[in-house]
Amino acid sequence: MEVLIEVIKKYLADNFSLYVKVLGFHWNITGKRFIQLHEFFQTFYEDLENANDKIAEHIRTLDSFAPGSMSRFLEITEIECEKNILKADEMILKLIEDNEKIINTMNIALKLAQKFEQEGLVNFLGERIENHKKFQWMFKSLMED
């Protein structure tokens with residue numbers, strides 16, 4: 001069970017770190033697709049923001065404490081901070097890469113939740129995976145001509 005808890009904590013750190021990254025992209029997007037991407041990034045960061053509390057609550061239901069500081073998130077996340085202001089296509093490529101990392105983490109967590117018969121967590125992760133796959137499709141579509 002401890003391995004499940006650690007993977008869910010990593011998922012929270014990844015989700016929160018990606019939330020911060022997308023928020024920065026939302027604030028700093030420029031170019032011909034400004035309106036489209038500004039609004040789309042908002043849709044994505046709001047989705048991530050809404051998931052943060054739910055992920056933390058699942059950690060608590062597993063009788064553990066959720067990480068709750070940026071320093072702790074940075075210790076366990078796989079999502080790299082973005083220190084530069086990127087062009088629109090570079091932002092989208094980063095989001096495709098980072099979203100794939102989160103999908104992979106959630107898939108590991110899902111298998112573990114199934115193993116430990118955590119049905120509520122299984123359902124939550126299944127919905128989140130589908131959500132991230134939908135965003136992944138949309139990100140990739142934005143890169144097509």
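Worth saying up front: this structure is predicted, and the values here are computed from it rather than measured.
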Any chance you could measure [X], atom [atom1], to [Y], atom [atom2], to the nearest 0.5 Å?
| X | Y | atom1 | atom2 | answer |
| --- | --- | --- | --- | --- |
| Ile102 | Gln136 | CD1 | CD | 10.0 Å |
| Leu23 | Glu49 | CG | CD | 8.5 Å |
| Asn99 | Ile92 | CG | CD1 | 13.0 Å |
| Phe25 | Leu18 | CZ | CG | 8.5 Å |

May I ask you to decide if [Y]'s main-chain N or O and [X]'s side chain share a donor-acceptor pair within less than 3.5 Å?
| X | Y | answer |
| --- | --- | --- |
| Asn107 | Ile103 | yes |
| Asn28 | Leu86 | no |
| Thr77 | Phe73 | no |

Quick one: closest heavy-atom pair of [X] and [Y], and the distance?
| X | Y | answer |
| --- | --- | --- |
| Ile76 | Ala13 | CG1-CB, 3.4 Å |
| Ala66 | Arg60 | N-CD, 4.2 Å |
| Ile79 | Ser17 | CB-CB, 3.9 Å |

Identify, with sequence neighbours excluded, every residue that meets ring-ring contact (aromatic ring centres under 6.0 Å, His included) alongside [X].
| X | result |
| --- | --- |
| His26 | His38, Tyr45 |
| Phe41 | none |
| Tyr11 | none |

**Report entry** Parallel, tilted or perpendicular: rings of Phe40 and Phe139 (30°, 60°)
**Finding:**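 It falls in the perpendicular class, over 60°.
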Partners of [X] by side chain to side chain donor-acceptor pair (under 3.5 Å), sequence neighbours excluded?
| X | result |
| --- | --- |
| Asp98 | Lys21 |
| Asn104 | none |
| Glu127 | none |
| Asn52 | Asn15 |

Report task. Please list all pairs passing the salt bridge (Lys or Arg N to Asp or Glu O under 4.0 Å) test where one or both residues lie in residues 69-88, with sequence neighbours left out. Result ->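 Matches after skipping sequence neighbours: Lys10-Glu78, Arg72-Glu75, Glu82-Lys94.
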Sub-4.5 Å side-chain heavy-atom contact between [X] and [Y]:
| X | Y | value |
| --- | --- | --- |
| Ile129 | His132 | no |
| Ser69 | Leu74 | no |
| Trp137 | Lys134 | yes |

**Report entry** Residue list, salt bridge (charged side-chain N to carboxylate O under 4.0 Å, His left out) with Asp53, at least two apart or on another chain
**Finding:**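 Result, salt bridge (charged side-chain N to carboxylate O under 4.0 Å, His left out) vs Asp53: none returned.
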**Report entry** Results of salt bridge (charged side-chain N to carboxylate O under 4.0 Å, His left out) for Glu97 - residues two or more places apart only
**Finding:**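 Only Lys101 meet the salt bridge (charged side-chain N to carboxylate O under 4.0 Å, His left out) criterion with Glu97.
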Establish whether [X] and [Y] are linked, either directly or via other cluster members, by ILVMFWY side-chain heavy-atom contacts under 4.5 Å.
| X | Y | answer |
| --- | --- | --- |
| Leu142 | Phe44 | yes |
| Phe34 | Ile85 | no |
| Met138 | Leu48 | yes |

**Report entry** Asn50, CG: over 12 other non-hydrogen atoms inside 6.0 angstrom
**Finding:**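 Correct, the count exceeds 12.
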Would you mind writing out the side-chain donor-acceptor pairs for residues 115-125 within the sub-3.5 Å range, not counting sequence neighbours?
residue	atom	partner	partner atom	Å
Gln118	NE2	Phe116	O	3.4
Asn123	ND2	Glu119	O	3.3

Would you tabulate the side-chain donor-acceptor contacts of residues 2-9 under 3.5 Å, counting partners in other chains and residues two or more places apart, or write 'none'?
residue	atom	partner	partner atom	Å
Lys9	NZ	Ser64	OG	3.1
Lys9	NZ	Phe65	O	3.4

